[in-house]
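Before any comments, here is the structure.
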Number of protein chains: 2
Amino acid sequence: MYENKYLSIYEELVEKIQSGQLKPSTKLPSENELVKEYATSRETVRKALTMLSQNGYIQKIRGKGSYVLDVSKYDFPISGLVSFKELAQKMGKPWGTIVNEFALISPDSQLQKQLNVTEKDPVWKVIRTRVMDGEKIILDKDFFNKKYVPILTKEICEGSIYEYLEQDLGLKISFAKKEFFVDETTAEDRMFLDLQDDKHIVVVKNYVYLDNANLFQYTESRHRLDKFRFVDFARRGH
Amino acid sequence: MYENKYLSIYEELVEKIQSGQLKPSTKLPSENELVKEYATSRETVRKALTMLSQNGYIQKIRGKGSYVLDVSKYDFPISGLVSFKELAQKMGKPWGTIVNEFALISPDSQLQKQLNVTEKDPVWKVIRTRVMDGEKIILDKDFFNKKYVPILTKEICEGSIYEYLEQDLGLKISFAKKEFFVDETTAEDRMFLDLQDDKHIVVVKNYVYLDNANLFQYTESRHRLDKFRFVDFARRGH
DNA sequence: GAGTGGTCTAGACCACATA
DNA sequence: ATGTGGTCTAGACCACTCT
């Protein structure tokens, strides 16, 4: 077996829901039926169903069953951690990346706080413009703790840094804290982006942690107002 | 026993983390130790720890233990479903609500889609201005399916509608889908809010579902640019 | 009463980290 | 080798819905 049992059940059910084989507001097989179908124990089935519920695929109702939610209505895929490349590809848009700045720096006091490092810890600084449909709409300012990313090149930054980090370096991204707000545009924004007369810009600050709970990346992503959108699925209580 | 065992373990650990009794980057007792401490089974302890992990309180590391995360750094509490009243109270700010419009209407075609109803289903329409520090900064446009909210009054709308829905009507809010973007200001915005010369406004669309998976509320919340902020904690993968 | 999901148990084996 | 968290099992009892 290559995979965890509960994961394969989860993935199979996701596939069935996304493909329309299981339609919104219809009932899933009961837990006992799934136990027989997958020849496993009930807790394992329940683990898969809990994941489906938390990710917005189904609603479990006690005494009745598990019902498929209409996932087609909210699948604009920025919920969670998604790289620009993944996003652009999902939306089927032509896209590109321009590396404006690439350097190994000694962090100033503000960045020391943000990355939780001292001035002696070298930090990679990468400033990139994201282009979609021929327009420069996002300015990404990435800072990586060199302790966890010993080698980085301009060529890697032109592609997907995350692919490099996960596949080549084997880093495991575990969680992130995101923060959004609207800020005034800076000279830097005007230099690197196609702004209209906008005085404001949407800022997404992103603190990314590895699976050993160490902070290794701080990113500030500046989005043109008209090109920003975020979708979130949230369950209440616990 | 008034509560589920795993919930009480979860809540006790949350309390210890928030009070500083368990400090960031220290280790939690191991699962086996917690089993003894709470006189329960390991799966029950694990259920509590999984919740702590998903809510950003701890990081579990295989072979090592569970470590407390620094929750003080990201506690601006808009992650998830939080009412304006709860938020204002948490921030300790003086606040108020002005009910601009309160009516029972027949939904137009756009609203029919948004609330998933027909023109024959009556809908409560509530437009409220939220005031903080003497400034009108948020315009809330709420629409409730009357099927689930048979009675509503202007007085209730001046307080917390959610308190009424949950405590008096016994409705159980289960999940919500949120969507953010920046829109241009309308005449309505200018009428009900203290806008400076802003041409734009942050729009949060919120679709709220009950625990029977029925959509019962659609809210459009329009925030003045300089007063909008959103914080999100996201775990990657599953 | 039969069927559903929710909680809980006691035990097993595995993968990984540390010494 | 020991201790840690990750997965899985087979069974139990409960709360709820529907007929």
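Within the structure, salt bridge (Lys or Arg N to Asp or Glu O under 4.0 Å) contacts touching residues 21-32 of chain A (residues at least two apart or in different chains) are A:E31-A:R42, A:E31-A:R46.
The nearest heavy atom of DNA chain D to A:T44 and to B:L49 marks one nucleotide each, and the one closer to the 5' end goes with B:L49.
With sequence neighbours excluded, the residues forming a side chain to side chain donor-acceptor pair (under 3.5 Å) with A:E12 are A:Y38, listed by chain and number. Listed by chain and residue number, A:E101 satisfy the side chain to side chain donor-acceptor pair (under 3.5 Å) test with A:K125 (two or more places apart in sequence, or in another chain).
Atoms OH (A:Y38) and P (D:dT9) sit 14 Å apart, rounded to a whole Å. Atom CG in A:D211 sits about 12 Å away from atom C1' in C:dC16, given to the nearest Å. Rounded to a whole Å, the CD atom of A:E43 is 14 Å from the C1' atom of C:dG11. What separates NZ of B:K172 from C1' of D:dA15 is a distance of 11 Å, to the nearest Å. Rounded to whole Å, atom C1' of C:dC8 lies 11 Å from atom OH of B:Y6. In this structure, the CZ atom of B:R42 is 11 Å from the C1' atom of D:dC8, given to the nearest Å. Note: CE (A:M51) to C1' (D:dG6) measures 14 Å, nearest angstrom. Atom P of nucleotide C:dC13 and atom CG of A:N4 are separated by 18 Å, given to the nearest angstrom.
Between A:N145 and A:L215, the closest side-chain pair of non-hydrogen atoms is not below 4.5 Å. In this structure, A:R128 and A:D142 have side chains that are in contact, with non-hydrogen atoms separated by less than 4.5 Å. Counting heavy atoms from C-beta outward, A:Q114 and A:Q110 have side chains that approach closer than 4.5 Å. Side-chain contact check for A:Y218 versus A:V123: every heavy-atom pair is 4.5 Å or farther apart.
Put simply, B:S41 has no side-chain N or O that comes within less than 4.0 Å of OP1 or OP2 on C:dG11. In this model, the phosphate group of C:dT7 is approached by a side-chain N or O of B:K47 to a distance below 4.0 Å at OP1 or OP2. At the phosphate of D:dT7, neither OP1 nor OP2 sits under 4.0 Å from any side-chain N or O atom of A:K5.
Cation-pi geometry between A:K47 and A:Y6 is satisfied (NZ or CZ under 6.0 Å from the ring centre, within 45° of the ring normal).
In this pair, A:F233 and B:F175 present their aromatic rings tilted. The plane angle is within the 30 to 60° band. Taking the six-membered ring for Trp and thresholds of 30 and 60 degrees, B:F216 and B:F144 have ring planes inclined between 30 and 60 degrees apart.
In the helix from C:dG1-D:dC18 to C:dT18-D:dA1, the terminal helix axes, each the rotation mapping four pairs' C1' atoms onto the next four within five end pairs, subtend 0°, rounded to 10°.
A donor and an acceptor atom, one from each side chain of B:Q18 and B:Y57, are located under 3.5 Å apart. Under 3.5 Å, the side chains of B:Q217 and B:Y162 contain a donor-acceptor pair of N or O atoms.
Taking a 4.0 Å limit (strictly below) on heavy-atom distances, residues 59-68 of chain B reaches DNA chain C at B:R62, B:G63, B:K64. For the contact set between residues 29-36 of chain B and DNA chain D, defined by any heavy atom under 4.0 Å, the members are B:S30, B:E31.
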